[in-house]
Enquirer: 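Before I ask anything, let me first share the structure, which is written out below as structure tokens.
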2 protein chains.
Amino acid sequence: MVAALVGDPARANMLTALMNGRALTASELAQEAGITPQTASSHLSKLEAGGLVELEKQGRHRYYRLTDDDVAGVLEGLAGLAARTGHMRVRTGPKDPALRRARICYDHLAGDLGVQMLDTMRDRNLVRQKKQEIELTAEGERFLAKHLQISPEMLAHPRRPVCKACLDWSERRHHLAGTLGAAMMQRFNELKWAARDATPGSRVVNFTRTGEKQFATLFGNGKD
Amino acid sequence: MVAALVGDPARANMLTALMNGRALTASELAQEAGITPQTASSHLSKLEAGGLVELEKQGRHRYYRLTDDDVAGVLEGLAGLAARTGHMRVRTGPKDPALRRARICYDHLAGDLGVQMLDTMRDRNLVRQKKQEIELTAEGERFLAKHLQISPEMLAHPRRPVCKACLDWSERRHHLAGTLGAAMMQRFNELKWAARDATPGSRVVNFTRTGEKQFATLFGNGKD
DNA sequence: ACAATGCTTCGGCTACCATCGAAGCATGAA
DNA sequence: TTCATGCTTCGATGGTAGCCGAAGCATTGT
């Protein structure tokens, strides 16, 4: 039974870690779940047998990812049901402080800095947010063009929205997703303000000294 | 954790027995699951605490039913995943043939007719499907406007996609979800082609005689 | 009042399975 | 070859949860 697989806390933590769509190695997943590699190995083979995850061998690493969107969808549904009853997950977020501060979520900035960025943009009327819906204002467009050289036509996409609120894993508050969130992250990269950590599979985003400074100028909240 | 609740075989059997939307007594559920009443009692209180089932007291009987369509939807999703790997539950799908033929999944049409509808729409190039992603074609827009008076702007929604593939519980194939799936179901209702069964909580969808005829004209596969 | 039905609570048993230490296998590096 | 890393398999242990018998409430019927 599939549900029994998801039912175990250790396996549920692994699956949650895979929910961002990226593939993780067995050891990374073991650490996510807070168990030893040999226990994780047992769990992962069960998840694979159950068709929930796929395995890709690469050298001496073994990368696991969710099989497809159907699996992710069902997991989201389960999370939704769990959320209604307040029976939320015990394990709240990443322990790693660097991961907590700034990381990649799909293709945009998440973590403390990601939440801070959206907060500031909202405060300064660069975007308007109603629940999970976010709209870019005219003021916001001017701001993006001036400071980050991002134009509206760069953000157009047939199916993906420009702005989207994405619930932050560690902060439990929204950060900015959508084509704008992706474009901004890409721009940070190009400007050498920030870069994904070199260690393969890591989702940590490291800011350079000047990048940190510039980011604070644009989106700082005075707390750092 | 919700998944752990569904994971236990005895509880899973009870939930499956409730999938047709009708309420059953504790003893009936005990029999369905093949366990004694006292064990069933323990399970049922857990399911209730987890928000999966609702209790209605009536005399010395206690009727349990699934909390709402969201729960049913997630259970369908789980059953769908289980079906793919051949790791089927012993009890495969709804026994009730009416439920198997046409039922509500969240807010759209599921069951044999739901799968058939998407099949036909795909065959006639009304939609294009790539894995779980479905796109409405220009031909599809014309078709919807002509035969069901559904216009594209009726389908726009900030967060919900217009088309989405949803894995069907009984058929193990995709049917059409998203705002289009919902709009079509609503239109069937308005046109008096079909209606949800009157018995409270039932997810069965009954087609009228003319409705069946019209539906077959638009989406029939020649097998009926 | 008494009995019958439907369901729950309590206590103890048992089986399953997650977990980890130790050892083994594979890949890659020196 | 030799060593290091990443992961798996084996074996033993322990905790948890499903399970049922017996007894206890509650509701209904006579």
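To find a chain, count down the sequence lines: A is the first, B the second, and so on, and within it residues start at 1.
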Enquirer: Nearest whole Å is fine: how far is D/dC25 C1' from B/K57 NZ?
Expert: 12 Å
Enquirer: How many Å lie between CD on B/E48 and P on C/dT8, as a whole number?
Expert: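 It is 9 Å, rounded to the nearest whole Å.
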Enquirer: Could you state the atom-to-atom distance from CD of A/Q31 to C1' of C/dC20 in whole Å?
Expert: 17 Å
Enquirer: Go through it in stages, so that I can follow the logic: the residues are B/L78 and A/L78, the test is side-chain contact (heavy atoms from CB on, under 4.5 Å), and I'd like the CA-CA distance, side-chain angles, deciding distance and then a yes or no.
Expert: CA-CA 9 Å; B/L78 281 168; A/L78 282 168; 4.3 Å; yes
Enquirer: Describe, in one word, how the ring planes of A/W193 and A/F188 are oriented to each other, choosing from parallel (under 30°), tilted (30 to 60°) and perpendicular (over 60°).
Expert: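 It falls in the parallel class, under 30°.
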Enquirer: Please figure out whether B/S42 or B/Q38 has its closest DNA chain D nucleotide nearer the 5' end.
Expert: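 Whichever sits nearer the 5' end wins; that is B/S42.
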Enquirer: Taking only side-chain nitrogens and oxygens of B/K46, does any of them come within less than 4.0 Å of OP1 or OP2 of D/dG18?
Expert: yes
Enquirer: Please confirm whether the shortest side-chain N or O distance from A/T39 to OP1 or OP2 of C/dC20 is below 4.0 Å.
Expert: yes
Enquirer: Over 60° means perpendicular and under 30° means parallel, so classify the ring planes of B/H108 and B/H175, tilted if in between.
Expert: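 B/H175 and B/H108: tilted rings.
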Enquirer: Would you indicate which nucleotide in C/dC20, C/dT19, D/dT8 comes nearest to any side-chain atom of A/H43?
Expert: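 Of the candidates, C/dT19 comes closest.
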Enquirer: If I take atom CG in residue A/L55 and atom P in nucleotide C/dA26, what distance separates them, rounded to the nearest angstrom?
Expert: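 About 16 Å, once rounded to whole Å.
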Enquirer: So, are A/R187 and A/E190 salt-bridged, with charged N and O less than 4.0 Å apart?
Expert: yes
Enquirer: If you look only at distance, which donor and acceptor atoms sit under 3.5 Å apart when one is on a side chain in residues 43-51 of chain B and the other is two or more places apart or in another chain?
Expert:
| from | atom 1 | to | atom 2 | distance (Å) |
| --- | --- | --- | --- | --- |
| B/H43 | ND1 | B/R11 | NH1 | 3.1 |
| B/S45 | OG | B/S41 | O | 3.3 |
| B/S45 | OG | B/S42 | O | 2.8 |

Enquirer: So, is B/T36 close to the D/dC19 phosphate, meaning a side-chain N or O under 4.0 Å from OP1 or OP2?
Expert: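 No, because none of the side-chain N or O atoms of B/T36 sits under 4.0 Å from OP1 or OP2 of D/dC19.
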Enquirer: Distance check needed: D/dT5 P versus A/H61 NE2, whole Å only.
Expert: 12 Å
Enquirer: Between D/dC19, C/dA18, D/dT8, which nucleotide gets closest to the side-chain atoms of A/D8?
Expert: C/dA18
Enquirer: For nucleotides 11-16 of chain D, give me every protein contact, N/O to N/O, under 3.5 Å, one pair per line with atom names.
Expert:
none

Enquirer: Counting C-beta onward and ignoring hydrogens, is there a side-chain heavy-atom pair between A/L118 and A/V127 closer than 4.5 Å?
Expert: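 With C-beta onward as the side chain, the pair touches.
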Enquirer: Looking at every strand, decide which applies to B/A10 at a 4.0 Å heavy-atom threshold: base, sugar-phosphate, or nothing.
Expert: sugar-phosphate
Enquirer: Choose from C/dT8, D/dC19, C/dA18 the nucleotide whose nearest atom is closest to any side-chain atom of B/S41.
Expert: C/dT8
Enquirer: Look at the side-chain N and O atoms of A/R62 and state whether any lies under 4.0 Å from the OP1 or OP2 oxygen of D/dT8.
Expert: yes
Enquirer: For B/Y63, which contact category applies under a 4.0 Å heavy-atom criterion: base, sugar-phosphate, or nothing?
Expert: nothing
Enquirer: Taking C-beta and beyond as the side chain, do B/I104 and B/M185 meet within less than 4.5 Å on heavy atoms?
Expert: yes
